[in-house]
2 protein chains.
Amino acid sequence: MAKRTTVEVHQAEPCCAPVMTAPLQPEQAVDMAKMFKALGDPIRLRILSLIASSQDECCVCDLSSSFDLSAPTISYHLKVLREADLVDSDRRGTWVYYRPRTENLGRLSAILAVPGVPAVVGCS
Amino acid sequence: MAKRTTVEVHQAEPCCAPVMTAPLQPEQAVDMAKMFKALGDPIRLRILSLIASSQDECCVCDLSSSFDLSAPTISYHLKVLREADLVDSDRRGTWVYYRPRTENLGRLSAILAVPGVPAVVGCS
DNA sequence: TGAATGGATCGATCGCCATCGATATGGGAG
DNA sequence: CTCCCATATCGATGGCGATCGATCCATTCA
């Protein structure tokens with residue numbers, strides 16, 4: 001099964017071997033930990049999943065309405081995700097749109113992959 | 001529903017759809033975030049990769065020698081990984097051995113998987 | 001039984017993090 | 001230009017997290 005149109009390139013840069021395969025180098029560990037730390041908050045995980053599961057992109061106004069948190073707090077979490085290279089943002093007029101950075105999500109997925117267990121991916 | 005062999009149990013319980021596929025439920029997000037938070041520290045990532053990449057299991061004494069940290073600190077990080085259900089420990093005589101909990105590593109990998117991009121494992 | 005060693009726990013410290021109200025910035029709408 | 005709305009930034013605060021020395025617990029060995 002070949003690749004689909006919008007997502008492709010990604011697994012080209014694994015950046016480092018799966019954690020099950022070889023010890024992580026300290027420098028790579030710092031890099032990866034930065035991303036995992038950004039995922040280490042329930043609110044941010046939900047924000048990311050809202051962004052990633054929306055078609056193409058997602059407006060901040062849609063996000064805010066899903067949480068019982070102040071706007072500055074949502075903005076703060078988005079900044080953390082942005083600085084962890086997990087999402088990209090793009091202002092168009094009054095609104096700001098967010099997109100997932102699938103190449104980095106794929107890297108994180110790959111590094112946790114368990115040999116012999118295909119990390120299945122839903123929806124064919 | 002009975003389990004079969006230990007090898008294949010893993011991907012059986014994805015627990016939730018990949019983040020790219022559907023929004024995470026708050027409760028699941030709390031669950032997953034706990035594990036990601038444990039991975040959000042470079043030292044813990046390296047400890048986990050040492051445990052996971054060793055054959056079968058790994059003694060604490062081998063870990064300590066790889067870091068320039070006090071024994072209590074290593075022990076603290078191991079506790080965090082244990083409480084996040086990412087490793088299991090097992091005392092045999094004087095030494096304590098740690099093993100990765102591959103079923104949960106697999107779950108994390110699966111949740112970050114990008115549709116259309118097989119999170120290939122092993123060889124490349 | 002007592003000493004020695006591997007690990008875990010305790011208590012303290014210090015820095016970082018999540019949250020908010022207040023304020024700034026950047027674009028439409030009038 | 002002026003007002004308003006959507007986001008972002010600032011500053012403060014309360015709480016959690018990483019680290020260490022001291023201490024405790026378990027096991028082996030003399």
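This is a predicted model, so every value here is computed, not measured. Below, chains carry the letters A, B, ... as their sequence lines are ordered, and counting in each starts from 1.
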Closest to the B/Arg91 side chain, choosing from D/dA8, D/dT27, C/dC10: D/dT27

Whether B/Lys37 side chain and A/Pro42 backbone form a donor-acceptor pair below 3.5 Å: no

The side-chain hydrogen bond (donor to acceptor under 3.5 Å, both in side chains) partners of A/Asp62 (sequence neighbours excluded) come to none

Considering all heavy atoms of both residues, which atom of A/Leu105 and which atom of A/Leu48 are nearest to each other, and what is their separation? CD2-CD2, 3.9 Å

Quickly work out the A/Trp95 CH2 to C/dG28 P distance and round it to whole Å. 9 Å

Pull out every residue in residues 58-66 of chain B that has a heavy atom closer than 4.0 Å to any atom of DNA chain D, ordered by number, or say none. none

Starting at CD1 of B/Ile74 and ending at P of C/dT9, how long is that distance when rounded to a whole Å? 15 Å

For the student: nearest non-hydrogen atoms of B/Ile47 and B/Leu78, plus distance: CG2-CD2, 3.7 Å

Testing C/dA8, C/dT9, D/dA8 for proximity to the side chain of B/Tyr98, the answer is C/dA8

What pair of heavy atoms forms the shortest contact from A/Ile111 to A/Cys16, and how long is it? CD1-SG, 3.8 Å

Could you check whether A/Arg92 gets within reach of a base, just the sugar-phosphate, or nothing at all, counting any heavy atom under 4.0 Å? nothing

A/Leu81 CG to D/dA8 C1': how many Å, rounded? 15 Å

Measure from the side chain of B/Val96, starting at C-beta and using heavy atoms only, and say which of D/dC20, C/dA8, C/dG21 lies closest. C/dA8

B/Ile43 CD1 - D/dG17 P separation (whole Å): 17 Å

Nearest-Å distance, NZ (B/Lys79) to C1' (D/dT19)? 15 Å

Whole angstrom value for the distance that separates C1' of D/dT7 from CZ of A/Phe67: 16 Å

Could you check whether B/Thr94 gets within reach of a base, just the sugar-phosphate, or nothing at all, counting any heavy atom under 4.0 Å? sugar-phosphate

For the pair made of NZ in B/Lys37 and P in C/dC16, what is the distance, rounded to whole Å? 16 Å

Is there a side-chain polar atom (N or O) of B/Thr73 under 4.0 Å from OP1 or OP2 of D/dT19? no

Donor-acceptor pair, distance only, cut-off 3.5 Å: does the side chain of A/Ser75 make one with the backbone of A/Ala71? no

What is the distance, to the nearest angstrom, from the CG atom on B/Asp90 to the C1' atom on D/dA26? 15 Å

Residue mapping more 5' on DNA chain C - nearest nucleotide basis, A/His77 or A/Gly93: A/His77

Is a salt bridge present between A/Asp85 and A/Arg107, judged by a nitrogen-to-oxygen distance below 4.0 Å? no

